[in-house]
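Have a look at the structure below before the remarks.
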2 protein chains.
Amino acid sequence: MTAHGADVQDGDGQARTESKQSVEVPAARERARAIPEAAVARLAVYLRALSVLADQDVTTVSSDELAVAAGVNSAKLRKDLSYIGSYGTRGVGYEVSVLVGQIERTLGLTRKHSVAVVGIGNLGHALANYGGFPSRGFPVSALFDLDPDLVGVPVGGIPVNHIDDIVEVCADREVTIGVIATPVQGAQEVCDRLVAGGVTCILNFAPVVLQVPEHVEVRKVDLAVEMQILSFHVARRQQEAAAQSEVDGADTGPPGSGEQEPGEVESANRMVERL
Amino acid sequence: MTAHGADVQDGDGQARTESKQSVEVPAARERARAIPEAAVARLAVYLRALSVLADQDVTTVSSDELAVAAGVNSAKLRKDLSYIGSYGTRGVGYEVSVLVGQIERTLGLTRKHSVAVVGIGNLGHALANYGGFPSRGFPVSALFDLDPDLVGVPVGGIPVNHIDDIVEVCADREVTIGVIATPVQGAQEVCDRLVAGGVTCILNFAPVVLQVPEHVEVRKVDLAVEMQILSFHVARRQQEAAAQSEVDGADTGPPGSGEQEPGEVESANRMVERL
DNA sequence: TTATGTGAAACGATTCACAGCT
DNA sequence: AGCTGTGAATCGTTTCACATAA
């Protein structure tokens with residue numbers, strides 16, 4: 001393996017304590033249950049790599065090839081695929097179309113998932129205008145904002161509704177996925193309304209820990225956290241370089257520069273208040 | 001624990017095979033090294049929770065309180081904090097300001113990290129315009145796009161440069177973090193230039209697996225993957241509900257609705273081509 | 001031969017539970 | 001009496017290595 005960054009950076013870890021409800025699922029009809037969370041995230045990555053291959057009219061692919069395309073190691077890929085069934089041919093590989101179909105089935109992509117975007121600021125605009133996003137199974141069917149000047153204005157072809165109408169509109173349009181792109185202050189309130197409107201999945205861009213009933217799935221995308229993780233790695237590398245040269249004697253380390261002005265930073269948080 | 005979604009959803013998993021370079025880090029001056037990746041991601045979350053507390057003039061906090069605020073369990077929080085040192089007082093808790101300082105130090109937030117955004121489409125605009133993002137330790141100091149009509153136009157106060165100048169401008173402005181918000185096609189090329197310009201950290205919004213030298217850190221944010229993971233959970237829940245009612249006898253399940261029209265979806269991938 | 005599929009080993013992260021300090 | 005800090009147990013994920021099938 002040739003050690004380079006990009007990997008699935010998920011591993012997931014959604015809370016989900018106490019997963020069993022009422023009686024105890026009877027092990028019958030337990031189709032897609034036993035797939036590890038970490039594997040689910042990667043299946044989506046494999047699916048994209050497979051789509052690229054399909055576009056190039058590749059019909060068959062080995063676990064090694066697909067693993068390279070997806071940026072994972074091939075043993076992991078095979079194990080992941082084994083969770084959804086045995087669709088490969090020993091000595092040959094996998095048929096691209098079969099694998100695409102099976103992964104789509106597993107991920108529930110054979111059905112449309114209506115999306116509502118709440119908070120039509122810069123990010124909300126980006127999401128609403130984004131054509132490729134709704135075009136493949138995730139139609140954006142409602143937009144909401146607080147701002148009366150925005151209500152009624154069509155963004156990406158869909159008129160913006162007022163957030164007071166979230167419950168009604170979401171229920172009416174059978175929205176499954178709610179995307180929260182509001183400032184922190186409004187996020188929990190918006191979330192509650194989405195849930196009241198029957199939304200069971202939430203993608204949250206606001207840097208708050210949302211409180212939701214247990215049947216609702218939340219995923220969070222937090223720019224500040226991503227940047228800070230990167231920052232940590234810069235810091236660590238610098239320390240390593242420093243420690244290294246302390247031992248080696250003189251200057252070793254990454255090719256680029258090394259230091260940079262320290263430049264005091266105030267409290268260094270509270271980011272992503274308004275995307 | 002009261003089982004609700006929101007958690008750190010990271011656990012990370014960046015590749016990083018063969019982490020040791022040259023000789024073998026001599027265990028001397030090994031300050032921030034041994035912190036598990038998963039813990040680093042959460043430290044950023046704790047930091048935000050602490051900032052909120054600090055704003056409310058809270059001076060002291062127990063692991064239980066902070067854990068609730070950050071949406072994790074308190075044992076995990078204490079273990080995470082133990083990686084950065086012992087800054088709590090038994091029988092009392094942690095002093096907010098001390099913890100903020102120590103986490104900032106650990107994450108390398110006591111230094112500025114210049115950011116360059118490449119691809120000034122909808123998302124790029126959102127990132128460039130976003131005030132809170134650069135205002136706390138991550139100043140956006142360069143913007144790039146391919147489009148000649150955009151070059152020279154100031155976005156969020158910074159004039160857009162042409163992507164041909166990435167290497168030069170990044171080196172000149174000592175950019176540490178590159179954000180790729182381009183379509184898939186250009187992403188690898190842009191990435192190579194950023195790296196040539198001395199950028200060691202990349203936040204990638206394009207759905208490609210970037211190839212980078214091992215001293216470069218990549219993190220990927222992939223909307224399509226997030227949506228598909230949510231989709232999986234909807235599907236699984238539906239199956240569980242179906243399995244449940246098959247056993248129970250009649251209708252059990254989540255309060256909202258249950259089904260929705262299946263509605264065929266074509267190939268269901270290739271999303272996020274142009275955010 | 002070649003490449004899948006998978007038990008079993010290794011690794012890493014989380015949770016438990018309690019000793020140790022205030 | 002209360003809460004931190006941390007070994008030890010547990011659980012989930014990754015990797016190994018090979019039997020199995022084309």
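What you see below is based on every heavy atom in this structure, not just the backbone, and it leaves out hydrogens, waters and symmetry mates. Just so we're on the same page: letters track the sequence lines, and every chain starts at 1. In this text the structure is predicted, and so the values were computed from the model without any measurement.
Rounded to whole angstrom, the span from the CD atom of B:E95 across to the P atom of D:dT4 amounts to 14 Å. One atom, CG of B:L66, and another, P of D:dG5, lie 12 Å apart when rounded to the nearest Å. Regarding B:Q102, its CD atom lies at a distance of 12 Å from the P atom of D:dG5, rounded to whole Å. In this structure, A:R42 places its CZ atom 8 Å from C1' of D:dT14, rounding to the nearest Å. Rounded to a whole Å, the CD1 atom of B:I35 is 12 Å from the P atom of C:dA13. Rounded to whole Å, the distance from CG on A:L99 to P on C:dA3 is 16 Å.
Residues A:R111 and B:Q238 form a side-chain contact, since some pair of their non-hydrogen atoms from C-beta on lies under 4.5 Å apart. When side chains are defined from C-beta on, A:L109 counts as touching A:L47, because their heavy atoms get closer than 4.5 Å. In this structure the side chain of A:V195 reaches within 4.5 angstrom of the side chain of A:I202, judged on heavy atoms. In this structure, A:V216 and A:V199 have side chains that are not in contact, with every pair of non-hydrogen atoms separated by 4.5 Å or more.
Counting only N and O atoms by type, the side chains of A:H113 and B:Q228 include no donor and acceptor under 3.5 Å apart.
In terms of phosphate contacts, A:N73 brings no side-chain nitrogen or oxygen within less than 4.0 Å of OP1 or OP2 of D:dT14.
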What nitrogen or oxygen pairs link the protein and nucleotides 4-6 of chain C at under 3.5 Å?
unit_1, atom_1, unit_2, atom_2, d
C:dT4, OP1, A:S63, N, 2.4
C:dT4, OP1, A:S63, OG, 3.3
C:dT4, OP2, A:S63, OG, 2.5
C:dT4, O2, A:R90, NH1, 2.9
C:dG5, OP1, A:Y87, N, 3.4
C:dG5, OP1, A:G88, N, 2.9
C:dG5, OP2, A:Y94, OH, 2.7
C:dG5, O4', A:R90, NH2, 3.1
C:dG5, N7, A:R78, NE, 2.9
C:dG5, O6, A:R78, NH2, 3.2

Would you list the atom pairs, donor with acceptor, under 3.5 Å between side chains in residues 88-102 of chain A and any protein atom, with sequence neighbours excluded?
unit_1, atom_1, unit_2, atom_2, d
A:E95, OE2, A:S97, OG, 3.4
A:Q102, OE1, A:Y87, OH, 3.1
A:Q102, OE1, A:R105, NE, 3.0
A:Q102, OE1, A:R105, NH2, 2.7

